[in-house]
Amino acid sequence: RNAVLTPFSGVPWAFYLGRWQFPLCLCHEKVALMLKQSLSLVRDNRGFLFFIMLLFCFRSTVADWNFVPTGSMEPSILIGDRVFVNKMAYDYRLPFTHFSLYRRANPNRGDIIVFDSERADLKLIKRVIGIPGDQVSMVNNQLIINGEPAEYSISDDKWSEPLTRHLLDTGSVAQEYWGELDHPVRFEDQPSHLSDFGTITVPPDFILALGDNRDRSSDSRVIGLIPRNEITGKAVSVVVSLDKEDYYLPRQNRFFQTLP
């Protein structure tokens, strides 16, 4: 007899069960209605949703376009450039992962790579300087690869246009040559602590990568060698470039410009 009574008020438990049963039924009906509406929405827009899924898969495994917010790759890549990235340049990957289904090729010296740096916890873009087996060092901003120093041709005339004139205010621009390396680099008038490092032997499945703006780049001199499996693609060209100093208007001479 006492089992159907509350210990304090003597009110039958059946009263409480009946009291809560009606709101619970309403709650279940609302959830069922929401699920029905959601399924109907998915069914009515399945073509669009399928397209979105394919688009994300495409950007994950085939090609992508990435915004560059910093100047670590100047003068090759300017702040505000949106670069086209070939995601199949080196690997066929499982979508949304770093798992390689098939390795097509390895990065070459001079390639501009995009990678997800675990050490920096950022997506970065840098230029390949050392590949497995290379011995790389730097003395006063001069690269030395396998005992052979790089050569530099300094000509500021090429960079005197308004687009890149600011690069010469506190530094100089030169063309760097070593084997297949042939690209512009920038140096500060006052070299930074990054301008020298001792000989590094690049081990298998790693890459040594540097920014073209040598005194203003957090690259392998800061975050260490780049694991091969962090590389997600090769930057090929500039799609569009937005100038934040000019109300983010497009830079007219940067459309679809091939990267050096």
Problem - Smallest separation among heavy atoms of Pro204 and Pro132, with atom names - result: CA-CB, 4.0 Å

Exercise for the section: Please assess Asn66 against Asp64 for the test side-chain contact (heavy atoms from CB on, under 4.5 Å), listing each intermediate value before the final yes or no. Expected result: CA-CA 7 Å; Asn66 296 140; Asp64 200 1; 3.4 Å; yes

Handout entry: Salt-bridge contact Arg214-Glu176 (side-chain N to carboxylate O under 4.0 Å)
Key = yes

Practice task
Decide whether Val236 and Ile125 are clustered together by the hydrophobic rule: side chain heavy atoms of Ile, Leu, Val, Met, Phe, Trp, Tyr closer than 4.5 Å, transitively.
Solution key: no

Completion exercise
When rounded to the nearest 0.5 Å, the distance separating CZ of Arg104 from OH of Tyr92 is 4.0 Å

Exercise for the section: Keeping the roles fixed (side chain from Asp111, backbone from Ile113), state whether a donor-acceptor pair exists under 3.5 Å. Expected result: no

Practice task
Identify whether Leu225 and Phe115 are in the same connected component of the hydrophobic contact network (ILVMFWY, side-chain heavy atoms under 4.5 Å).
Solution key: no

Problem - Point-to-point distance, once rounded to the nearest 0.5 Å, from CD of Gln175 to CG of Leu181 - result: 10.5 Å

Practice task
Output yes when a side-chain donor or acceptor of Gln135 lies under 3.5 Å from a complementary backbone atom of Thr199, and no otherwise.
Solution key: no

Completion exercise
d(Leu259 CG, Ile112 CD1) to nearest 0.5 Å is 4.5 Å

Problem - Ser117 side chain near Leu124 side chain, heavy-atom distance below 4.5 Å - result: yes

Problem - Under 3.5 Å side-chain donor-acceptor pair for Asp81 and Ser241 - result: yes

Exercise for the section: Look at the side chain of Asp212 and the backbone N and O of Ser76, then say whether any donor-acceptor pair between them is shorter than 3.5 Å. Expected result: no

Handout entry: Side chain Arg127, main chain Gly110, donor-acceptor under 3.5 Å
Key = yes

Practice task
Could you tell me whether the side chain of Ser220 and the main chain of Gly224 form a donor-acceptor pair under 3.5 Å?
Solution key: yes

Exercise for the section: Answer yes if the side chains of Asp196 and Asn140 hold a donor-acceptor pair under 3.5 Å, and no otherwise. Expected result: no

Handout entry: 4.5 Å side-chain heavy-atom contact, Asp243 and Tyr248
Key = no

Handout entry: Over 12 non-hydrogen atoms of neighbours within 6.0 angstrom of CG in Asp121
Key = no

Handout entry: For Val83 against Ala235, the heavy-atom pair lying closest together
Key = CG2-CB, 4.5 Å

Practice task
May I ask you to decide if the ring planes of Tyr152 and Phe187 are parallel, tilted or perpendicular, using 30° and 60° as cut-offs?
Solution key: perpendicular

Handout entry: Flag side-chain contact, heavy atom, 4.5 Å: Ile200 against Ser137
Key = no

Handout entry: Lys87, NZ: over 12 other non-hydrogen atoms inside 6.0 angstrom
Key = yes

Exercise for the section: Answer yes or no: does atom OH of Tyr177 have more than 12 heavy-atom neighbours from other residues, nucleotides or ligands under 6.0 Å? Expected result: yes

Problem - Side-chain touch Val128/Asn108, heavy atoms, less than 4.5 angstrom - result: no

Handout entry: Gap separating the OG1 atom of Thr61 from the CZ atom of Phe96, nearest 0.5 angstrom
Key = 8.0 Å

Fill in the blank from the handout: The reported gap from CE in Met73 to CZ in Arg216 (rounded to nearest 0.5 angstrom) is 15.5 Å

Practice task
List the steps, then state whether side-chain contact (heavy atoms from CB on, under 4.5 Å) holds for Ile231 with Val114.
Solution key: CA-CA 6 Å; Ile231 300 173; Val114 175; over 6 Å; no

Exercise for the section: Examine distances only and state if a side-chain atom of Trp178 and a backbone atom of Glu148 form a donor-acceptor pair shorter than 3.5 Å. Expected result: yes

Handout entry: same_hphob_cluster(Phe206, Val136) at 4.5 Å side-chain heavy-atom cutoff
Key = yes

Problem - Side chain proximity check, Asn229 to Ser100, heavy atoms < 4.5 angstrom - result: no

Exercise for the section: Check the side chains of Arg186 and Thr170 for a donor-acceptor pair under 3.5 angstrom, ignoring hydrogens and angles. Expected result: yes

Exercise for the section: Might you confirm whether atom CZ of Phe56 has over 12 heavy atoms from other residues, nucleotides or ligands at distances under 6.0 Å? Expected result: no

Completion exercise
Heavy-atom nearest pair, Ala89 first then Ala105, reads O-CB, 3.9 Å

Handout entry: CD1 on Ile226 to CG on Asp116, rounded to 0.5 Å
Key = 11.0 Å

Problem - Side-chain donor/acceptor of Asp215 to backbone N/O of Ser192, under 3.5 Å - result: yes

Exercise for the section: Find out whether Val240 and Phe255 are in side-chain contact, i.e. whether some heavy atom of one side chain is under 4.5 Å from a heavy atom of the other. Expected result: yes

Handout entry: Residues Lys126 and Asp219 bridged, charged N to O under 4.0 Å
Key = no

Practice task
Decide whether Ile223 and Ile129 are clustered together by the hydrophobic rule: side chain heavy atoms of Ile, Leu, Val, Met, Phe, Trp, Tyr closer than 4.5 Å, transitively.
Solution key: no

Practice task
Inspect the contact between Asp91 and Arg228 and indicate whether a charged nitrogen and a carboxylate oxygen are less than 4.0 angstrom apart.
Solution key: yes

Problem - Close side-chain approach of Thr232 to Val85, heavy-atom, < 4.5 Å - result: no

Exercise for the section: Consider only side-chain heavy atoms of I, L, V, M, F, W and Y, link residues closer than 4.5 Å, and tell whether Leu208 and Val185 are in one cluster. Expected result: yes

Handout entry: Expected output: side-chain Thr258 to main-chain Ser237 donor-acceptor under 3.5 Å
Key = no

Exercise for the section: I would like to know whether Leu168 and Val173 meet side-chain contact (heavy atoms from CB on, under 4.5 Å); could you show each step before the answer? Expected result: CA-CA 7 Å; Leu168 306 177; Val173 174; 3.9 Å; yes

Problem - Closest non-hydrogen atom pair between Pro107 and Ile131, with its separation - result: O-CG2, 3.6 Å

Practice task
Applying side-chain contact (heavy atoms from CB on, under 4.5 Å), run through Arg93 and Phe99 and close with a yes or a no.
Solution key: CA-CA 6 Å; Arg93 293 182 181 273; Phe99 182 77; over 6 Å; no

Problem - Short N-O contact, Glu180 and Arg109, less than 4.0 angstrom - result: yes

Problem - Pairwise side-chain contact, Arg82 with Phe67, heavy-atom cut-off 4.5 Å (strictly under) - result: yes

Exercise for the section: Compare every heavy atom of Asn141 with every heavy atom of Pro191, then report the nearest pair and how far apart it is. Expected result: CB-ND2, 4.3 Å

